[in-house]
Amino acid sequence: RRVLFRSPASFAALTNVSMKIARQQHIFVFYDFKESFKKNWKQSSLLGIIFLLLFSLITISLIFYSNASSNNNLLYVPLFICIFINLLLAFSFIYSFPLLTTVKLSLKDIFKNSFLLSIISLKNTLIAIALAIIIFSISIFLLPFTIFIIFTLSFSLIAFANSFFSWPGIQQYVIKN
């Protein structure tokens, strides 16, 4: 139970630090991480639980429709809809934690803006997704040698890539100068 609530808060704090690096701001890594963890733990935990539930529901639906479509060709339609929804959810995930840590928004507005930004800034979204897949694939491919790297460097690099590629869209479309 503690991991479920601490992991999203830790990822939000990591995202906050990487967003400051992407924006070329001065940081004190441990202090900024700790302060962001305390500041965003409630909202980031709710955001993480919602994403976990949505990804779980879509994954179960994908498995169900994938198995059932072999018997009934009409079930390919909901299968492709589930694939499309899963992609949109993954795309919006890239922007959700950077929005959470840089702009004061409600969870509803974070979901709305992250979804819209993932479509408007599709090029950056696809680059961030590709980098995350590459980083994660290399880490998995080199197991068991990368077990320590997965928990330190992989998540940090993915958070930085998400922050770096999401910041231009957030700056242009969300933050009013």
Side-chain angles (χ1 to χ4, degrees), residues 1-12 14-15 18-19 40 42-103 105-143 146 150-151 154-170 173-174:
R1 192 171 90 179
R2 288 183 180 189
V3 171
L4 184 63
F5 288 105
R6 288 185 182 166
S7 295
S10 296
F11 191 70
L14 175 64
T15 301
S18 63
M19 281 297 289
N40 297 313
K42 190 183 291 184
Q43 197 173 23
S44 63
S45 295
L46 286 172
L47 184 66
I49 289 170
I50 291 169
F51 268 110
L52 178 67
L53 291 173
L54 289 173
F55 275 122
S56 298
L57 181 65
I58 296 296
T59 301
I60 291 168
S61 300
L62 281 170
I63 292 167
F64 172 77
Y65 287 121
S66 178
N67 292 334
S69 63
S70 62
N71 298 331
N72 185 353
N73 287 339
L74 289 176
L75 293 178
Y76 279 111
V77 173
L79 175 66
F80 289 123
I81 290 172
C82 286
I83 291 170
F84 181 72
I85 291 171
N86 203 19
L87 283 173
L88 286 178
L89 197 58
F91 288 178
S92 66
F93 183 81
I94 290 172
Y95 292 90
S96 61
F97 281 93
L99 279 169
L100 174 88
T101 61
T102 57
V103 185
L105 297 171
S106 67
L107 278 179
K108 181 183 122 195
D109 289 335
I110 288 172
F111 275 107
K112 180 184 82 174
N113 285 322
S114 64
F115 171 74
L116 292 172
L117 282 169
S118 69
I119 302 302
I120 293 170
S121 302
L122 188 60
K123 177 183 165 192
N124 286 352
T125 304
L126 293 175
I127 293 170
I129 287 277
L131 281 173
I133 290 170
I134 291 167
I135 293 166
F136 191 70
S137 297
I138 290 171
S139 298
I140 296 299
F141 180 73
L142 297 175
L143 274 174
T146 58
I150 287 175
F151 293 112
S154 296
F155 286 120
S156 301
L157 286 173
I158 290 170
F160 179 73
N162 287 352
S163 298
F164 184 79
F165 288 105
S166 66
W167 174 241
I170 292 170
Y173 298 109
V174 179

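Below, each value reflects all heavy atoms present in this structure, side chains not excepted, and no hydrogens, waters or symmetry copies.
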Where [X] and [Y] come nearest, the two heavy atoms and their spacing:
X	Y	answer
Ser45	Ala9	OG-CB, 4.5 Å
Ile129	Ala90	CD1-O, 4.0 Å
Phe160	Ser18	CA-CB, 3.8 Å
Ser114	Ser92	CB-O, 3.3 Å
Pro98	Ile170	CB-CD1, 3.7 Å

Side-chain touch [X]/[Y], heavy atoms, less than 4.5 angstrom:
X	Y	result
Asn113	Tyr173	no
Leu47	Phe111	yes
Leu99	Leu117	yes

I need the [X] [atom1] to [Y] [atom2] distance, nearest 0.5 Å.
X	Y	atom1	atom2	value
Ser69	Phe64	OG	CZ	10.0 Å
Ile94	Ile158	CD1	CD1	10.0 Å
Leu75	Ile81	CG	CD1	11.0 Å
Ile83	Ser66	CD1	OG	8.0 Å
Leu126	Phe91	CG	CZ	5.0 Å
Phe11	Ser156	CZ	OG	9.5 Å

Subject >> Candidate pair Leu88 and Ile119, rule side-chain contact (heavy atoms from CB on, under 4.5 Å), full reasoning >> reply: CA-CA 8 Å; Leu88 286 178; Ile119 302 302; 3.6 Å; yes

Okay, side chain of [X], backbone of [Y]: is any donor-acceptor separation there less than 3.5 Å?
X	Y	value
Ser121	Ser118	no
Gln43	Thr101	no
Asn86	Cys82	no
Ser96	Phe93	yes
Ser137	Ile134	no

Original post:
Checking side-chain contact (heavy atoms from CB on, under 4.5 Å) for the pair Phe84/Leu87: CA distance, chi angles, key distance, verdict?
Top reply: CA-CA 5 Å; Phe84 181 72; Leu87 283 173; 5.5 Å; no

Subject >> Step-by-step side-chain contact (heavy atoms from CB on, under 4.5 Å) determination, Phe141 to Ile138 >> reply: CA-CA 5 Å; Phe141 180 73; Ile138 290 171; 5.6 Å; no

Subject >> Heavy-atom neighbours of Phe51 CZ exceed 12 at 6.0 Å >> reply: yes

**OP:** Examine the side chains of Ser139 and Ser154 and answer whether a donor and an acceptor come within less than 3.5 Å of each other.
**Re:**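 Note: Ser139 and Ser154 side chains meet the donor-acceptor criterion.
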
Subject >> Audit row: Phe165, Leu131, side-chain contact (heavy atoms from CB on, under 4.5 Å) steps and yes/no >> reply: CA-CA 10 Å; Phe165 288 105; Leu131 281 173; 3.4 Å; yes

